[in-house]
Q: 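Structure incoming, see below.
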Amino acid sequence: MALTDKIQQLLGEVASFVATNEAELEELRLKYLSRKGIINDLMAEFRDVPNDQKRLVGIQLNELKASIQEKFNALKQEIISHEDVDGNLDLSRTPYPIALGTRHPLSLVKNEIVDIFARLGFTVATGPEIEDDWHVFSSLNFADDHPARDMQDTFFIQSQPDIILRTHTSSVQSRVMETQKPPIRVICPGRVYRNEAISARAHCFFHQIEGLYIDKDVTFADLKQILLLFARQMFGADTKIRLRPSYFPFTEPSAEMDISCNICGGKGCSFCKHTGWVEIMGCGMVDPNVLDANGIDSKIYKGYAFGFGVERITNLKYRVSDLRLFSENDQRFLEEFTSAH
Ligand code: DAH
């Protein structure tokens with residue numbers, strides 16, 4: 001019989017191949033696909049096919065080989081699944097470990113911070129990352145010529161000069177005051193953007209948490225107490241805080257808060273530049289101008305506010321030396337953080 005006829009005949013037979021167990025399957029493999037099998041015999045015959053027919057016969061031969069292999073695989077699959085159903089299923093076998101993801105370190109730390117403030121009665125508020133000038137600057141008492149409005153620091157949407165990427169989560173203060181009546185007690189986590197060159201110590205986006213408390217008879221002592229409590233819960237009961245006078249347009253008086261360096265315990269190390277202290281946040285009493293600009297009567301109400309970076313707190317807790325690690329999705333880095341929440 002000519003080679004092409006044999007191929008055609010076999011092609012017709014493939015569909016009727018049967019194998020109901022491993023042994024029959026192996027027979028099939030030996031007969032057709034092994035080194036001494038039919039396919040290899042045909043390959044040997046193929047060598048004698050005249051050159052002008054080689055192309056056509058070659059195609060048919062390949063087709064036959066592929067269809068036998070395909071049928072073989074299908075039968076194998078069927079036998080395997082049958083074996084499970086027929087009782088060869090080993091229910092005591094250890095399952096394949098399921099690779100669960102881990103929470104991102106910034107989310108872990110953010111959740112921990114939110115939990116601490118939630119226990120103190122703060123609720124979470126959020127606002128848009130694409131904001132207008134009013135909520136980011138004007139409503140927070142920034143002067144028209146304040147340097148933060150500069151293109152060097154802030155990303156502007158070119159076609160709409162009033163629309164920017166928020167540079168701080170303080171914008172959510174203003175959004176909350178618009179919609180809620182005092183007493184207000186909110187914590188506002190979110191992503192912020194600044195026009196910075198990316199390096200180990202700076203990034204064009206990062207994360208902040210803003211706090212705002214407004215009521216009658218709120219004092220600086222209340223602010224100090226809540227920040228001390230936060231620092232101790234976050235970094236340990238021995239943590240000390242100190243407040244240094246500072247300036248922010250939206251608070252008066254304003255302060256910056258340092259905590260005793262939790263890496264060297266306050267003795268001095270390279271992280272705290274041998275001072276024993278690390279700065280972690282800005283804070284102060286809400287400027288009466290801000291209350292009034294946002295529809296809250298500053299003659300009746302007072303408030304305090306604070307804001308800090310989540311990356312910095314995360315660095316203190318986990319000693320991440322390069323900010324870029326937080327956004328590069330390197331699994332080796334992310335897998336170091338097992339989920340606590
Ligand atoms: N918005 C400030 C910043 O991005 C942080 C800040 C300072 C927030 C003092 C506050 C505050 O609420 O009272 O650097």
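FYI, side chains are in, hydrogens and waters are out, and symmetry mates aren't considered; it's all heavy atoms of this structure. Both counts, for ligands and for their atoms, begin at 1 and track the order of listing.
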Q: Can you name the side chain to side chain contact (heavy atoms under 4.5 Å, CB included) partners of Thr219, sequence neighbours left out?
A: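 Ala221, Asp222.
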
Q: Classify the ring geometry between His104 and Phe326 as parallel (under 30°), tilted (30 to 60°) or perpendicular (over 60°).
A: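 Ring orientation, 0 to 90° scale: tilted.
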
Q: If Ile, Leu, Val, Met, Phe, Trp and Tyr residues are connected whenever their side-chain heavy atoms lie under 4.5 Å apart, and connections chain through other members, are Tyr247 and Val136 in the same group?
A: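 Unlinked, Tyr247 and Val136 end up in two clusters.
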
Q: Non-hydrogen atoms closer than 4.0 Å to ligand 1: which protein residues do they belong to? List them by chain and number, please.
A: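 Lining ligand 1: His168, Ser170, Gln173, Arg194, Gln208, Glu210, Phe248, Phe250, Thr251, Gly282, Cys283, Gly284, Ala305, Phe306, Gly307.
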
Q: State, without any angle test, whether His203 and Glu311 hold a side-chain donor-acceptor pair at a distance under 3.5 Å.
A: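 His203 vs Glu311: no donor-acceptor pair found between side chains.
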
Q: The test is salt bridge (Lys or Arg N to Asp or Glu O under 4.0 Å); show your working for Arg244 and Glu279 and say whether it passes.
A: CA-CA 10 Å; Arg244 288 177 289 102; Glu279 182 194 319; 3.7 Å; yes

Q: Is the distance between the ring centroids of Phe230 and Phe308 under 6.0 Å?
A: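 Yes, the ring centres sit under 6.0 Å apart.
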
